[in-house]
2 protein chains.
Amino acid sequence: MLSERQKMILRMIVEDYVQSAEPVGSRSISKHVDMGLSAATIRNEMADLEEQGYLEQPHTSAGRVPSQQGYRYYVDHLLQLGERLKPEEISKMKVLFSERVDEIEKVAQQTALYLSTFTQYTAVVLGPQVYDNTLRSLQVVPITEHSAVLLAVTSTGQVQNKTVSFPDDISLAQVEQLVRLLNEKLVGIPIYQMRSRIFEEISREVARQMKDFEEAQRILDRLLSAIVAEKDGKVFLGGTTNMLLQPEFHNVEKAKSVLSWLEHHDLVSKALLQESMTSAPLSVRIGGENELSMLQNCSLVTATYRIGEDPVGVIGIIGPTRMEYGRVIRVLDYFSKEMTQLVTKWYSG
Amino acid sequence: MLSERQKMILRMIVEDYVQSAEPVGSRSISKHVDMGLSAATIRNEMADLEEQGYLEQPHTSAGRVPSQQGYRYYVDHLLQLGERLKPEEISKMKVLFSERVDEIEKVAQQTALYLSTFTQYTAVVLGPQVYDNTLRSLQVVPITEHSAVLLAVTSTGQVQNKTVSFPDDISLAQVEQLVRLLNEKLVGIPIYQMRSRIFEEISREVARQMKDFEEAQRILDRLLSAIVAEKDGKVFLGGTTNMLLQPEFHNVEKAKSVLSWLEHHDLVSKALLQESMTSAPLSVRIGGENELSMLQNCSLVTATYRIGEDPVGVIGIIGPTRMEYGRVIRVLDYFSKEMTQLVTKWYSG
DNA sequence: GATTAGCACTCAACGATCAAGAGTGCTAAC
DNA sequence: GTTAGCACTCTTGATCGTTGAGTGCTAATC
């Protein structure tokens, strides 16, 4: 249990260290305004805090640095979220969101960019999940005699397109007929149910209409894969190179391990989902709380955005554990609300 | 004018330096097999080469390093392109291309990935340009009473989609009617001509049918922007963090300047296009030959891929000036041919 | 009993100095 | 024309004080 004074000191150390990236000494805390204590007293308290695991010392005779547990305590108990963003910042952000952007991917991309420029960290936006959405319409646009673009539009307005080619003995007309049938049967069905539906209800009917059962199966498979292929929400990054601004990543090895991870969108997507599509509207993972080894020195703060009540996507910030948690949380909170408003208006309005 | 011996020495220095990243001394050249000369002789020749600007010395008593001019000479005259890729490499690549991938964006993304893993440099793929293509079909899929997804499919099978919302006093039926009209008038027209066409031919007719001229204009504008919005080909990157493998980018500052540039897809796209949509099938830009300051230490090698004879996209490799030009050129050559074959078969077959 | 001044101690960071080694340029001999 | 030899240059790495920030402890003070 921490005394009020210890909490105050811990908070000061965290905030000082976040700014300076240098171990914090007792003197600099003591000199702080509204702290009427001598360095010696602070030293005693610091020794206590270290003993309890909230602080660490890089080496004897260096100042103290918050431990993972220290950050955790800071985030859970010392953060004053009452503080709002500064008005001038809010108005800056408002401008960004008032720009008319009318394609969901652009919005996601832009949001990632803004998040990163606002925080000076790396931002991630996970585009709306189409997996849970229902199919609104299936369209086929012929290109040549034996290939066509298949378009699947979901209830959230996401479009997936895929070029499919089909064998010589299947005519375009047959494919169009098939697509008509699929439309009849599948519109309104959640995409994740689609595969089972096709096999249960549709295969038989298709086979009856198309005579050659095996051929029908093959075509169906191809169409199906076009629809459900992109079940992973797309990942949009902003300010990846901001990572390099942080002194903890001046070591190229460390930088590379994080940046490489960011290149693997599937992994990033997984990490974000795992974390955030749960219940809490906002999640903070500090250092080792991330399972991935390349994120041991990083913190990942994420928030969901929703359509109505259903979470459909995630926005997040990745930075060093030495992160401005307060600011990041406030910015994410703001952006997630804006995003929620935007997509809600957009897709259900 | 370089003697045969000087050429040989220059080639050895370039190739040695490319491998080692260390200045090359006279001794190591002299010890090379099939080089029956002493270090002293090499030194003389090296001094000559330096005087003529092909080599540089980081400092007295260091070995020599190729200058930009040296690399240029190497690429233009000393590269033995007769050498083919090793059979085992070719077969590896063949495997990659034989995988069925059936969406152009995936192909581009994958190609970028393969290029980068094959070369250990950073790869860029510029997706097929839709700007010169003609419109094949315009589709509208309603989402709510006052918003819809507009789909434009081009002659190369590229799909652009955009969510448009329209004011209360315009009904969905009217928009659908408008889209029918646009389809009639615009299919087969190159996209770059679209804006003028709309204003010349269509506006009047639309106004006649829709009564309210101004309103019609507004809707038209919105539809139009949906169609021609993405005139920039999309940029796909692979192995951006490979940049950090190179010793010349162990300095975080330099790394950051290049990586940040790579984040700005519009700039990358511009650089690639400027370079490569011209006549030559393959282009090599060494160091300062790039205008951009962040690319002064980089070389950019690009190749186009085509549909039939028309170049529609660019693939490229970005690495340090100290680059394995021979290998990179061979790999790019191979990939561009595969890409050409792929998209040609795909879109015009 | 809590606080603080004082002091000895520790350790990273920095700079100076030095030796080793790689590489050059020049000269004279082959 | 080529090469051996040698003096010279310059980087690299190691060693070694010195400095300074910061600590922990003790004893004095409030």
Side-chain angles (χ1 to χ4, degrees), chain A residues 1-10 12-17 19-67 70 247-248 250-251, chain B residues 1-10 12-17 19-67 70 247-248 250-251:
Chain A
M1 200 49 215
L2 298 184
S3 71
E4 282 310 310
R5 199 166 72 185
Q6 285 174 326
K7 288 184 191 173
M8 187 175 192
I9 292 174
L10 177 55
M12 281 177 170
I13 292 177
V14 170
E15 285 168 7
D16 186 326
Y17 183 61
Q19 288 305 321
S20 68
E22 299 286 330
V24 183
S26 53
R27 251 180 76 81
S28 69
I29 294 293
S30 140
K31 272 189 299 189
H32 203 287
V33 277
D34 59 73
M35 166 58 71
L37 295 171
S38 77
T41 312
I42 307 289
R43 273 205 287 285
N44 289 330
E45 296 287 31
M46 281 167 121
D48 264 26
L49 284 167
E50 181 171 3
E51 207 166 312
Q52 294 181 65
Y54 295 100
L55 296 179
E56 282 169 356
Q57 231 174 345
H59 53 88
T60 5
S61 93
R64 299 305 207 293
V65 159
S67 67
E248 25 274 273
H250 273 26
N251 172 345
Chain B
M1 201 46 217
L2 297 183
S3 71
E4 281 311 310
R5 200 166 71 184
Q6 286 174 324
K7 288 184 191 174
M8 186 174 193
I9 291 173
L10 178 55
M12 281 177 170
I13 291 177
V14 170
E15 285 167 7
D16 187 325
Y17 183 61
Q19 288 305 322
S20 67
E22 300 286 330
V24 184
S26 55
R27 251 179 75 81
S28 69
I29 294 293
S30 138
K31 273 189 300 189
H32 202 288
V33 277
D34 59 71
M35 166 59 72
L37 295 172
S38 77
T41 312
I42 308 289
R43 275 204 287 285
N44 290 330
E45 296 286 31
M46 280 167 123
D48 263 26
L49 284 167
E50 181 170 3
E51 206 167 315
Q52 293 181 65
Y54 295 100
L55 296 179
E56 281 168 356
Q57 231 173 344
H59 54 86
T60 8
S61 92
R64 299 306 207 292
V65 159
S67 67
E248 26 275 272
H250 273 25
N251 173 346

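Values reported hereafter were calculated over all heavy atoms of this structure, with side chains retained and with hydrogens, waters and symmetry mates removed. A, B, ... follow the sequence lines: proteins, then strands. Residue 1 opens every chain.
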Are any of the side-chain heavy atoms of [X] and [Y] separated by less than 4.5 Å?
| X | Y | result |
| --- | --- | --- |
| A:Val65 | A:Glu22 | no |
| B:Leu2 | B:Leu49 | yes |
| A:Tyr54 | A:Asp48 | no |

Got a donor-acceptor contact below 3.5 angstrom from the [X] side chain to the [Y] backbone?
| X | Y | result |
| --- | --- | --- |
| A:Gln57 | A:Ala62 | yes |
| B:Gln19 | B:Asp16 | no |
| A:Gln6 | A:Ser3 | yes |
| B:Ser67 | B:Glu56 | no |

Task: DNA chain D: 5'-most and 3'-most nucleotides touching chain B, 4.0 angstrom heavy-atom criterion - done: D:dT2 to D:dT11
TODO: Report the distance from atom CD of B:Glu4 to atom CE of B:Met8, rounding to the nearest 0.5 Å.
DONE: 10.0 Å
Using a 3.5 Å cut-off and no angle test, enumerate the donor-acceptor pairs between side-chain atoms of residues 26-36 of chain B and protein atoms at least two apart in sequence or in another chain.
unit_1	atom_1	unit_2	atom_2	d
B:Ser26	OG	B:Arg43	NH1	3.2
B:Ser28	OG	B:Gly25	O	3.1
B:Ser30	OG	B:Leu37	O	3.2

Open item on the list: At a heavy-atom distance below 4.0 Å, what parts of residues 38-45 of chain B sit against DNA chain D?
Closed with: B:Ser38, B:Ala40, B:Thr41, B:Arg43, B:Asn44
Task: Sorted by number, the residues of residues 27-37 of chain B with heavy-atom contact under 4.0 Å to DNA chain D - done: B:Gly36, B:Leu37
TODO: For A:Pro66 and A:Tyr17, work out which heavy atoms get closest and say how close.
DONE: CD-CD2, 3.4 Å
Task: Which residues share a salt bridge (Lys or Arg N to Asp or Glu O under 4.0 Å) with A:Glu51, sequence neighbours left out - done: none
All N/O pairs under 3.5 Å across the protein-nucleotides 17-19 of chain C interface:
none

Task: Atom-pair distance (CG on A:Asp48; C1' on C:dA2), nearest Å - done: 13 Å
TODO: Give a yes or no on whether a salt bridge exists between B:Arg64 and B:Glu50, defined as a side-chain N under 4.0 angstrom from a carboxylate O.
DONE: yes
- [ ] Could you tell me whether B:Arg5 and B:Glu45 have a side-chain N and a carboxylate O separated by less than 4.0 Å?
- [x] yes
Open item on the list: Taking the minimum atom-to-atom distance to the side chain of B:Ser61, which one of C:dT10, C:dT3, C:dA22 wins?
Closed with: C:dA22
